[in-house]
Amino acid sequence: MYTAHPDRYADMPYRRTGRSGLKLPALSLGLWHNFGPADRTVETQRVILRRAFDLGVTHFDLANNYGPPPGAAESAFGEALKADFASYRDELVVSTKAGYLMWPGPYGEWGSRKYVLSSLDQSLKRMGLDYVDIFYSHRPDPETPLEETMGALHSAVQQGKALYVGISNYSAEQTREAARILGELGTPLLIHQPRYSMLDRRPEDEGLLDALDELQVGSIVFSPLEQGLLTGRYLDGIPEDSRAASDSPFLNSDAVTEDLVGQLRELNDIAKSRGQTLAQLALAWVLRGGRVTSALVGASSAQQLEDSVGAIRNLDFDAEELARIEAIVRR
């Protein structure tokens with residue numbers, strides 16, 4: 001039987017989410033690619049979850065469509081919860097989302113009230129939970145009124161099936177409108193989950209981070225390692241067993257250019273000067289200054305997770321380091 005490490009809260013920093021009372025660990029575990037697939041053993045998944053919690057990672061982030069196949073990650077996580085974490089439920093923050101395709105027909109995706117609330121019920125059943133801590137609208141629906149989608153999130157809270165609500169992949173303008181609607185309903189917008197990394201600066205460039213600051217809404221960023229590019233895997237090109245060498249829809253070999261490899265090597269030199277791996281540098285960069293509440297990391301092994309968590313040992317940058325990074329990634 002699993003017993004959590006007694007010093008699990010000793011090192012991990014916890015950051016307040018917007019103006020709420022909820023604190024999240026600086027690093028959270030995302031169960032996107034590595035939980036549920038047949039080629040990932042149940043024991044490997046459970047080892048990663050247990051190691052995460054022992055390191056102070058209290059937040060596990062899922063979505064209805066995570067797997068593959070869709071739903072598999074939630075089912076696998078539910079089994080791990082029952083086996084290892086039943087007595088620790090109140091120490092965990094569990095999130096899930098609805099927005100992408102889950103079942104056939106006109107009610108199986110996007111943002112209608114019917115889909116959003118049905119999806120949440122299915123997610124809770126797969127995980128064996130009465131409620132999730134955070135429930136997200138995973139993407140804006142161009143055809144459903146925002147009032148309906150936000151109203152469904154509000155209903156989830158009113159029904160006791162979610163404690164907080166968030167949004168993901170919404171623009172700055174959509175985020176402001178979502179926050180207004182939710183505020184009027186009496187369920188504040190807790191958090192936004194955008195894609196953000198040293199190589200993907202859209203939340204900065206398109207004003208999303210500014211909007212979150214103004215609204216006092218938290219942020220948890222996904223793909224801070226840019227699908228593995230911001231690790232040591234691509235410093236010498238494309239490894240045969242890498243995501244870029246596979247048929248992954250999220251990263252293809254065309255993205256790994258000579259210029260990019262050169263940038264990665266220069267960033268790696270900065271990481272070495274700070275006593276960090278490239279992945280640790282990338283995670284520390286998104287967490288710098290406290291503007292981002294938490295960074296989502298994936299893990300295919302406990303060792304990979306440990307490397308990511310090592311980023312918390314040095315989250316500070318001097319002006320010269322930031323200028324060097326900026327010069328490399330913006331050229």
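Numbering of residues begins at 1 and proceeds along the displayed sequence.
Remark: R274 is positioned above the aromatic ring of F317, its terminal NZ or CZ atom under 6.0 angstrom from the ring centre and at most 45 degrees off the axis. The side-chain tip of R139 points at the ring of Y100 from less than 6.0 angstrom away and within 45° of straight on. Both cation-pi conditions hold for K114 and Y107: the charged atom is under 6.0 angstrom from the six-membered ring centre and inside a 45 degree cone around its axis.
In this structure, E91 pairs ionically with R8, as a charged nitrogen and a carboxylate oxygen lie closer than 4.0 Å. Under the 4.0 Å criterion applied to side-chain N and carboxylate O atoms, R46 and D84 are assigned as salt-bridge partners. Taking the charged nitrogens against the carboxylate oxygens, R324 and D269 have no contact shorter than 4.0 Å, which rules out a salt bridge. Between D11 and R313 no salt bridge is recorded (no basic side-chain N to carboxylate O distance below 4.0 Å). A salt bridge links E184 and R180; the closest N-O separation between the charged side-chain nitrogens and carboxylate oxygens is under 4.0 Å. Remark: D259 does not engage R331 in a salt bridge, criterion side-chain N to carboxylate O under 4.0 Å. Ion pair E79/R126 not flagged as a salt bridge, since none of the NZ, NE, NH1 or NH2 atoms sits closer than 4.0 Å to an Asp/Glu carboxylate oxygen.
Remark: D130 CG is loosely packed, at most 12 non-hydrogen atoms of other residues, nucleotides or ligands lying under 6.0 Å away. Applying the 6.0 Å contact sphere to CD of E43 captures more than 12 heavy atoms from other residues, nucleotides or ligands. By the neighbour-count criterion of 12 heavy atoms within 6.0 Å, atom OH of Y2 is densely surrounded, having more than that number from other residues, nucleotides or ligands.
With hydrogens and angles left out, the side-chain atoms of Q227 and S223 include a donor and acceptor closer than 3.5 Å. Remark: the N64 side chain and the S119 side chain contain an N/O donor-acceptor pair separated by less than 3.5 Å. Between the side chains of S20 and T17, no donor N or O sits under 3.5 Å from an acceptor N or O. Counted by atom type alone, E148 and S112 present zero donor-acceptor pairs between their side chains at under 3.5 Å.
Between L62 and K97 the shortest side-chain heavy-atom distance does not fall below 4.5 Å. Side chains of V165 and H154 form no contact here, defined as non-hydrogen atoms less than 4.5 Å apart. The shortest side-chain heavy-atom distance between L182 and L189 falls under the 4.5 Å cut-off. With contacts defined as side-chain heavy-atom distances shorter than 4.5 Å, the pair L117/S155 qualifies. Side chains of H192 and Y170 form a contact here, defined as non-hydrogen atoms less than 4.5 Å apart. Contact annotation: the side chain of L322 approaches that of W285 to within less than 4.5 Å [non-hydrogen atoms, C-beta and beyond]. For the pair H59 and S95, the minimum side-chain heavy-atom distance is below 4.5 Å.
In summary, the aromatic rings of F222 and Y196 are positioned with their centroids too far apart to meet the 6.0 Å limit.
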Quiz item: Would R201 and E326 count as a salt bridge (charged side-chain N to carboxylate O under 4.0 Å, His left out) if you check the C-alpha gap in whole Å, the side-chain angles of each, and the deciding distance to 0.1 Å?
Solution: CA-CA 11 Å; R201 309 292 283 276; E326 198 72 2; 2.8 Å; yes

Practice problem: Apply side-chain hydrogen bond (donor to acceptor under 3.5 Å, both in side chains) to the pair S219 and Q193, showing each step before the final yes or no. | Solution: CA-CA 6 Å; S219 60; Q193 188 175 129; over 6 Å; no

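A tilted orientation is assigned to the rings of Y115 and W103, their planes being inclined by 30° to 60°.
With rounding to the nearest 0.5 Å, the separation of CD1 in I191 from CG in L24 is 5.0 Å.
Here the rule is salt bridge (charged side-chain N to carboxylate O under 4.0 Å, His left out) with R195, and of E226, E206, E204 only E226 fits it.
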